[in-house]
Amino acid sequence: MSETHDLILKGGTVVLPGRTVKADVAARNGRVSAIGALVDAKAERVIDCAGLHVLPGVIDSQVHFREPGLEHKEDLDSGTRAAILGGVTAIFEMPNTTPATDNEAALEDKLARAAAKAWCDHAFFLGASSENAEQLGAWERRDGCAGVKIFMGSSTGSLLVDQDEAIRRVLAGGFRRVAVHCEDEARLKERKSMVADGAPVSMHPEWRDVETAVKATRRLIALARETGRKVHVLHITTAEEMEILREARDVATVEVTPQHLTLAAPECYEGLGSFAQMNPPIRDARHRAGLWWGLEQGIADVIGSDHAPHTLKEKSQDYPKSPSGMPGVQTLVPVMLNHVSAGKLSLERFVDMTSAGPARVYDIAGKGRIAAGYDADFTVVDLGAEKKITNDWIASKCGWTPFHGLTVRGWPMMTIIRGRMVMRDGEVLGKPQGKPVRFHPLPPGV
Ligand code: DOR
């Protein structure tokens with residue numbers, strides 16, 4: 001059939017649901033309009049993708065972009081610019097800004113800011129608290145809301161829901177899957193004295209130990225079952241939690257991060273010092289192997305970057321004054337493609353965890369696969385390109401990456417969002433036109 005499209009990606013190897021084939025992909029009005037050998041098709045713009053892989057747009061479902069309040073670390077312009085430079089087409093942003101996104105007006109404010117300056121598509125989490133537990137169920141229905149986030153343990157910012165009674169109220173009051181940071185606050189407090197001034201940063205995973213994570217994850221699963229609410233356990237760091245979560249597929253989905261899959265203690269603390277400090281912590285090689293096991297077994301559903309930028313100056317402070325978190329939205333794709341090229345996971349599994357996975361976990365509408373009628377979001381990569389990740393490539397305001405100096409094989413060459421090329425060969429194109437991510441409608445009256 002001879003049809004006219006806005007854009008055709010010609011001659012690439014395309015990762016479709018269930019098969020990877022040489023094909024052309026066309027887009028019209030921001031949506032995928034045709035897939036196949038589009039011999040007679042016409043388009044305003046045809047892009048030669050020979051030698052490249054065309055993936056569904058990568059969705060990074062955990063980033064901290066710091067606006068409002070902490071814009072010296074990051075803002076919605078710099079964070080989303082970093083995203084598209086790294087091949088990411090949509091982000092879900094966490095609520096621990098200043099003030100926190102813990103009410104409807106704060107959510108509206110973030111959406112208005114993003115409408116003016118986001119380079120990629122976006123949704124925002126609402127932060128749960130004991131005070132807003134009863135209102136979250138109504139607010140999470142708002143367009144552009146990714147759902148509710150619970151911090152069971154204190155991390156950056158003031159958000160915290162540590163008591164079972166309050167967690168139960170948050171879980172009982174809504175419908176969508178709740179994203180949870182699982183560290184047990186009581187145990188963190190009990191053990192805090194281990195890391196008084198002068199303690200080395202290598203103590204970070206001793207203070208925030210395996211039991212701290214395991215205890216919170218077990219509590220969460222029990223509360224999710226009790227209330228009948230789905231949960232998504234963020235940034236798993238222990239082999240033990242993977243085994244626990246294998247038995248919790250009825251209520252829980254699972255996220256892993258590139259940092260926890262790539263770095264390990266003690267080397268990361270010897271090499272990077274407090275720049276390797278994050279919550280929950282990077283642990284030893286046994287746990288890293290446990291995370292890869294969870295990925296291979298299909299227990300892990302999603303890879304999120306947990307992009308959590310702090311400035312060089314802030315991170316250079318002595319532990320434990322140094323803040324926790326590392327940037328990652330721009331390095332997620334190259335770091336994970338490097339694992340693909342090393343044979344640690346298949347390209348299809350990468351796509352499963354960065355496109356289909358977030359779509360399934362969060363019930364995203366019209367994104368997550370290359371299929372007719374879906375948004376024309378593509379991450380076009382060169383699996384053969386060898387490049388060095390360096391701090392000067394990083395667009396985040398923080399200006400550094402824990403992967404500085406790492407040579408990777410596999411690189412994002414183009415980022416295309418709803419049929420518009422926004423990044424090609426390392427150059428940001430056009431102007432910010434990111435839109436709120438759409439979700440499937442919720443049943444009425446829940
Ligand atoms: O290391 C972390 N940094 N973990 C979190 O949970 C929050 C994040 C941040 O926002 O800095």
Side-chain angles (χ1 to χ4, degrees), residues 60-76 78-79 82 91-102 110 124-129 146 148-162 178-185 188 195 201 203-205 207-208 212-213 216-217 220 232-238 241 255-260 262-263 265 268-269 272-283 304-317 319-329 331-332 396-398 400-402:
D60 186 347
S61 51
Q62 194 190 172
V63 302
H64 303 263
F65 282 168
R66 312 298 193 202
E67 180 174 349
L70 300 166
E71 288 95 337
H72 68 285
K73 297 176 196 268
E74 198 75 289
D75 61 28
L76 288 165
S78 60
I91 58 92
F92 288 5
E93 206 259 355
M94 287 296 165
N96 57 332
T97 42
T98 309
T101 322
D102 61 0
K110 272 202 180 167
F124 297 99
F125 281 99
L126 280 163
S129 68
V148 170
K149 160 86 182 271
I150 297 177
F151 282 90
M152 286 177 74
S154 302
S155 192
T156 305
S158 57
L159 287 168
L160 180 68
V161 192
D162 59 338
V178 179
V180 188
H181 178 126
C182 284
E183 289 188 286
D184 186 86
E185 180 68 8
L188 283 177
V195 292
V201 65
M203 284 298 288
H204 198 58
W207 167 35
R208 306 180 88 107
T212 301
T217 295
L220 177 70
H232 182 52
V233 191
L234 298 168
H235 40 41
I236 293 301
T237 59
T238 67
E241 283 169 288
E255 181 198 68
V256 286
T257 76
Q259 303 86 289
H260 293 107
T262 307
L263 306 174
C268 68
Y269 299 109
L272 293 165
S274 52
F275 287 76
Q277 177 193 334
M278 69 174 291
N279 304 330
I282 308 288
R283 305 189 192 278
S305 75
D306 192 10
H307 177 83
H310 301 283
T311 64
L312 281 168
K313 198 166 161 218
E314 290 163 342
K315 286 295 267 184
S316 302
Q317 294 169 91
Y319 183 78
K321 278 192 217 71
S322 44
S324 292
M326 353 177 166
V329 71
T331 48
L332 183 157
S396 165
K397 281 195 186 177
C398 75
W400 63 276
T401 162

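Just follow the structure's listing: the first ligand is 1, and inside any ligand the first atom is 1. Note: hydrogens, waters and symmetry copies are ignored here, and every other heavy atom, side chains too, is used.
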- Query: Which of these passes side chain to side chain contact (heavy atoms under 4.5 Å, CB included) with His64: Thr156, Val329, Asp306?
  - Reply: Asp306

- Can the ring centroids of Tyr269 and His204 be said to lie less than 6.0 angstrom from one another? no

- Closest non-hydrogen protein atom to atom 9 (C) of ligand 1, residue and atom name please, with distance? Thr156 OG1, 3.1 Å

- Task: Specify the protein heavy atom at minimum distance from atom 1 (O) of ligand 1: its residue, its atom name, and the distance to 0.1 Å.
- Result: Asn279 N, 2.7 Å

Looking at [X], which atoms of ligand 1 are within less than 4.0 Å of one of its heavy atoms?
{"X": "Phe151", "result": "6 (O)"}
{"X": "His310", "result": "11 (O)"}
{"X": "Ala308", "result": "3 (N), 8 (C), 9 (C), 11 (O)"}

Should the proximity of [X] to ligand 1, defined as any heavy atom under 4.0 Å, be assigned to the side chain, the backbone, both, or neither?
{"X": "Arg208", "answer": "neither"}
{"X": "Met94", "answer": "neither"}
{"X": "Met278", "answer": "both"}
{"X": "His181", "answer": "side chain"}
{"X": "Ser155", "answer": "side chain"}

- Query: Is it true that Glu183 and Arg208 make a salt bridge, defined as a side-chain N closer than 4.0 Å to a carboxylate O?
  - Reply: yes

- Message: Check Asp75 with Arg66, please: is the shortest side-chain N to carboxylate O separation under 4.0 Å?
- Response: no

- Message: Please report whether ligand 1 has a polar contact with His235, defined as an N or O pair separated by less than 3.5 Å (distance criterion only).
- Response: no

- Geometric N/O contact Ser324 with ligand 1, under 3.5 angstrom: yes

Without swapping roles, check the side chain of [X] against the backbone of [Y] for a donor-acceptor pair under 3.5 Å.
{"X": "Gln62", "Y": "Ser305", "result": "no"}
{"X": "His310", "Y": "Ser324", "result": "yes"}
{"X": "Glu314", "Y": "Ser322", "result": "no"}
{"X": "His307", "Y": "Gly325", "result": "no"}

- Task: Search all heavy atoms of Phe125 against all heavy atoms of Ser61 and return the closest pair with its distance.
- Result: CE1-O, 3.7 Å

- Does some non-hydrogen atom of Gln277 fall short of 4.0 Å from ligand 1? no

- Mind checking whether Arg66 has a heavy atom under 4.0 Å from ligand 1? yes

